[in-house]
Structure formats: C-alpha cells, structure tokens
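Each chain gets a letter, A, B and so on, in the order the sequences are listed, and its residues count up from 1.
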Amino acid sequence: AQKVTQAQTEISVVEKEDVTLDCVYETRDTTYYLFWYKQPPSGELVFLIRRNSFDEQNEISGRYSWNFQKSTSSFNFTITASQVVDSAVYFCALSEAGVNFNKFYFGSGTKLNVKP
Amino acid sequence: GAVVSQHPSRVICKSGTSVKIECRSLDFQATTMFWYRQFPKQSLMLMATSNEGSKATYEQGVEKDKFLINHASLTLSTLTVTSAHPEDSSFYICSADPGLSQYFGPGTRLTVL
C-alpha cells in the first residue's frame, strides 16, 4: 500500500501566487517522521523540513510553511508569494520508527511550475 | 554540515557492461547507507539497505545479483549494476544518516545504450 500520497502531479501558478502542495501519509506506527524535499532539475534533493509525529505545531520558514494534521494524516506545504526559482519537483516522505527508521518512503512528487 | 558524495555524477555505458557507483560519507561514519532509484518523472524507490561489514538488504522486487552492493568501510558503499541494459537507465541516489537526519547524495545518472 502507498504510504505517502501526493495527489497533485503538477501545479502551475503565476509568480507571487500562493500555492499549497498536499501530502497524505499512512502508517501504523505512533512514532514517525515526515519530510519535504525539493528536487530541482539538477536532481539533487534539497532538504526542506523534518517533523516528528509528536510535534503538531505548524512551522513557518520565510515563505515556506507546513501544516501537520495527525487527524487527517496530512502534512501540507505552502509556498507564499511564489517565485520562479521555486519551480521544481517537491517530494513528501515518511520514515517510521524502529529498525526501519532510516528507510524513506517517498510520495510520487508534485511538479511545481511558477511562471513569471 | 554532513555531506554525502557520489561518483560518478553521470555515466553512459554500453548494454552488457557493468557499472560501479560510489557513495561516500565525507565527514561522518555511516554503518548503514541506502540506495534509491528514480526513473524519469517518477518518485524515488528504495532499492536496498547497505550494511557495513555484512550483506545488503534488498527491497522486494530488486534483483540482488544484478545490483551488487558492497559496504566495505564506514564511509563507502558501492552499487554495481551488472550486465546493464537500457531498462536500468535511471537516476541512482544514495543516502546516509550521521545521526541527525538522512542526507542524500547528489545522484548518479546512468544511461545504458
């Protein structure tokens, strides 16, 4: 079964628009970690955020913000006032506690196109 | 900060040849490293867990005889794609954890002609 679902395959916005990337996860563990990564055309994964399952506080980092809701198993990512440089593929990922701690399960990714 | 490197960044080879990809943790020791594969416009899929000093653990559906993994030291894991075929063309990424979080290498793009 898919552990991480990113239903939005591709999103196109115009610069300065806000955009939210959805992520829904599935796990039976009570302790787990959620991540967002950015993958520009070069291919290298850029770490954006890590959140553990016990910390439901929303987080803001500059134009980026994350909304973690355990009740709906979602960990959505919002970019405010998007810029062309935000264009990339964004991946949501899950790692579970225990022996599988470092095994990442990635969503299928959302390609964000920000047009000038 | 922690860095994971990969070599080569790109490789083009003929069908039937073997290709070795290196993954190094540059400023930390990693008893465990992970290998992922990403087909064009698709997600990253975990292939195997590389364990220092012991056999790698492969995910279901990954041929261990085709993708040989050797983790000979605490800073180096190698992935060898044996008898490569065009369908093996992909982006291969490794990762390691220095104890804080998972760090990913820059990836190796393999093209098999």
May I ask whether A:Val24 and A:Leu94 are part of the same hydrophobic cluster, defined by side-chain heavy atoms of I, L, V, M, F, W, Y residues being less than 4.5 angstrom apart, directly or through others?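 Looking at the clustering, A:Leu94 is in a separate group from A:Val24.
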Are more than 12 heavy atoms, taken from residues, nucleotides or ligands other than [X], located less than 6.0 Å from that residue's [atom1] atom?
{"X": "A:Ile60", "atom1": "CD1", "answer": "no"}
{"X": "B:Arg10", "atom1": "CZ", "answer": "no"}
{"X": "A:Lys70", "atom1": "NZ", "answer": "yes"}

All pairs passing side chain to side chain donor-acceptor pair (under 3.5 Å) where residues 78-93 of chain B contributes a residue, at least two apart: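 Those involving residues 78-93 of chain B are B:Lys66-B:Asp88.
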Which residue pairs satisfy the side chain to side chain donor-acceptor pair (under 3.5 Å) criterion with at least one member in residues 31-43 of chain A, sequence neighbours excluded?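 Of all non-adjacent pairs touching residues 31-43 of chain A, those that pass side chain to side chain donor-acceptor pair (under 3.5 Å) are A:Tyr25-A:Tyr32, A:Gln39-B:Gln38.
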Give the other cluster members for B:Met33, using side-chain heavy-atom distances under 4.5 Å between Ile, Leu, Val, Met, Phe, Trp and Tyr residues; answer none if it is isolated.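 Under the 4.5 Å side-chain rule, B:Met33 groups with nothing.
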Nearest 0.5 angstrom please: B:Ile93 CD1 to A:Phe104 CZ, how far?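 The CZ atom of A:Phe104 is 12.0 Å from CD1 of B:Ile93, to the nearest 0.5 Å.
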Does the side chain of B:Phe104 reach to within under 4.5 Å of the side chain of A:Glu44, using non-hydrogen atoms?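 In short, these two side chains do not touch, never coming nearer than 4.5 Å.
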Only heavy atoms, only distances under 4.5 angstrom. Which residues in residues 39-62 of chain B are near chain A?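 Those residues of residues 39-62 of chain B which have a heavy atom under 4.5 Å from chain A are B:Gln42, B:Ser43, B:Leu44, B:Leu46, B:Thr49, B:Glu59.
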